[in-house]
Amino acid sequence: MGLELYLDLLSQPCRAVYIFAKKNGIPFELRPVDIFRGQLVSKDFSQINNLCKVPALKDGDFILSESTAILIYLSSKYPTADHWYPSNLQARARIHEYLGWHADCVRGTFGVPLWTQVLAPLIGVHLPEEKVQRNRAAMDRALQELEDKFLRDQAFLTGQHVTLADLMALEELIQPVAVGFDLFEGRPKLTAWRERLEAFLGMDLCQETHGLILNILEQAANKKIPDPAPEVYPYMLLRISRIP
Amino acid sequence: MGLELYLDLLSQPCRAVYIFAKRNGIPFELRPVELRKGQHLSDAFAQVNPLKKVPALRDGDFTLTESVAILLYLNRKYKVPDHWYPQDLQACARVDEYLAWQHTTLRRNCLRALWHKVMFPVFLGEPVSPEMLAATLAELDATLQLLEDKFLQNKAFLTGPHISLADLIAITELMHPVGAGCQVFEGRPKLAAWRQRVEAAVGKDLFQEAHEVILKAKDSPPADLIIKQKLMPRVLAMIQ
């Protein structure tokens, strides 16, 4: 059995891993995991990843979680172009610098609109407007820092070439866009970055990767999103309670 | 000007960077930035890090923030022993996995434990409800269980038989609630044994030196009103 990637394309870090593997022609078996059907907490999956999280990678006996770790592993193991995770000491440091800031300021924050608009209502939870506004403000601050500290006048987040940092950022920023919060509007610099990145990745690959999430509102409107399995409720409630 | 490290040993990630540099004999100028005096908010420090956070590194023209980035940079530039961040693909991935996981879990919960138990009431004069504190300590407890069950398991160190950056990041984080008076290692013999091993690998003297400040956190003199006003918004954002 070759490389297997356990992914749910509704999840931002899963999409980053997917798009990286596909763009680099890394051969893998896609093992789709549907978080909301409770597949994450199933017995089968917990044997794969005892942290019960996606994305997860299985390479023979070797099992790995955490998108950053997976991306670095794939870029080291397979013949990928240097620019993704450069061997140059300072260039590589810039990627880790971005990823550290991303963990604090982007991860968690940009996923909230999907929760407030689509996922929480699925289990009858409606978030107070105060939290929605607080999240908006947090996203605004993060986007300002993204532009001022990272992007600046560069083509991409850590320099003149696409890196793992750009993928992680793009997938997080797409999440609120998918539920109608167009955070690229009024941000020409960021829009230009997104266009450059998507052009580099290729429109077909972007459509393939983003199709599911970008369709989520339509799915919700047509009641095509299945009710979450009961065993997922605790995870969902915990996630919702964490929204500041 | 050689390597400069801008640190306050009150901060968990700063302790990890400090210990790593000292343990590996990496020569550096220590540039103290006193968080409780708001020094990280000064214009001078903004020249070093416009995001106003520690740790920060300056190496000639090159400035770097974020503790994991700094540790990996030092690791590679100064050619330290392999076990800190192994060359082996899978062993390295294990360290990367821990470093990614800890950010929103152990790091966050240890920070909240310190602030809710000690720093808010003692330093900022802001009471914290017993319910809030209890909830924070319960989350910390759950995370400690994950640390033992998913990472440490029956190994000597978090990612294998040897100490790595993962252990350094973890131990410095756990000293945060210890500094707040939480009995993190009580009733957790596995974790306590791991702590002993990590301390021994780091060196007891260095470990104690790095943790002097945090162990005195509960003796922080109360912040004056001006400092408190300056610090409050950033503290609240930090512990979300």
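What's counted below: heavy atoms across the whole structure, side chains too, no hydrogens, waters or symmetry copies. Per chain, numbering begins at 1; letters A, B, ... match sequence-line order.
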**Request:** Please determine, among B:Thr104, B:Leu51, B:Leu99, the option with the most heavy-atom pairs under 4.5 Å with chain A.
**Result:** B:Leu51
**Prompt:** Roughly how far apart are A:Arg92 CZ and B:Arg76 CZ, rounded to 0.5 Å?
**Reply:** 4.5 Å
**Message:** Under 4.5 Å from any heavy atom of chain B, what part of A:Lys149 do you find: side chain, backbone, both or neither?
**Reply:** side chain
**Request:** Any chance you could measure B:Leu71, atom CG, to A:His96, atom NE2, to the nearest 0.5 Å?
**Result:** 11.0 Å
**Item:** Residues A:Arg242 and B:Glu139 bridged, charged N to O under 4.0 Å
**Value:** yes
**Asked** Does a side-chain heavy-atom distance below 4.5 Å link A:Gln90 with B:Tyr73?
**Response** yes
**Request:** Determine whether more than 12 heavy atoms belonging to other residues, nucleotides or ligands lie under 6.0 Å from atom CD of B:Gln87.
**Result:** no
**Asked** By a 4.5 Å heavy-atom criterion (distance strictly below it), what part of A:Glu145 contacts chain B: side chain, backbone, both, or neither?
**Response** side chain
**Residue A:Arg141 versus chain B: region with a heavy atom under 4.5 Å** = neither
**Message:** Check whether B:Glu97 reaches the backbone of A:Glu66 with its side chain - one donor and one acceptor, N or O, closer than 3.5 Å.
**Reply:** no
**Fill in**
When rounded to the nearest 0.5 Å, the distance separating NZ of A:Lys77 from CG of B:Leu89 is 7.0 Å
**Request:** Quick one: pull up OG1 in A:Thr68 and CH2 in B:Trp101 and give me the separation to the nearest 0.5 Å.
**Result:** 15.0 Å
**Fill in**
So CZ of A:Phe62 and CZ of B:Arg94: to nearest 0.5 Å the spacing works out to 4.0 Å
**Segment of B:Asn49 engaging chain A (4.5 angstrom heavy-atom cut-off)** = side chain
**Prompt:** Taking 4.0 angstrom as the limit, do B:Arg108 and A:Asp104 come out as a salt bridge?
**Reply:** no
**Asked** Rounded to the nearest 0.5 Å, what separation is found between the CG atom of B:Asp88 and the OG atom of A:Ser76?
**Response** 11.0 Å
**Request:** Assess whether atom NE2 of B:His162 is packed by more than 12 heavy atoms of other residues, nucleotides or ligands within 6.0 Å.
**Result:** no
**Request:** Give, as side chain, backbone, both or neither, the part of A:Ile72 having an atom under 4.5 angstrom from any heavy atom of chain B.
**Result:** side chain
**Fill in**
Applying a strict 4.5 Å limit to non-hydrogen atoms, the region of B:Thr105 in contact with chain A is neither
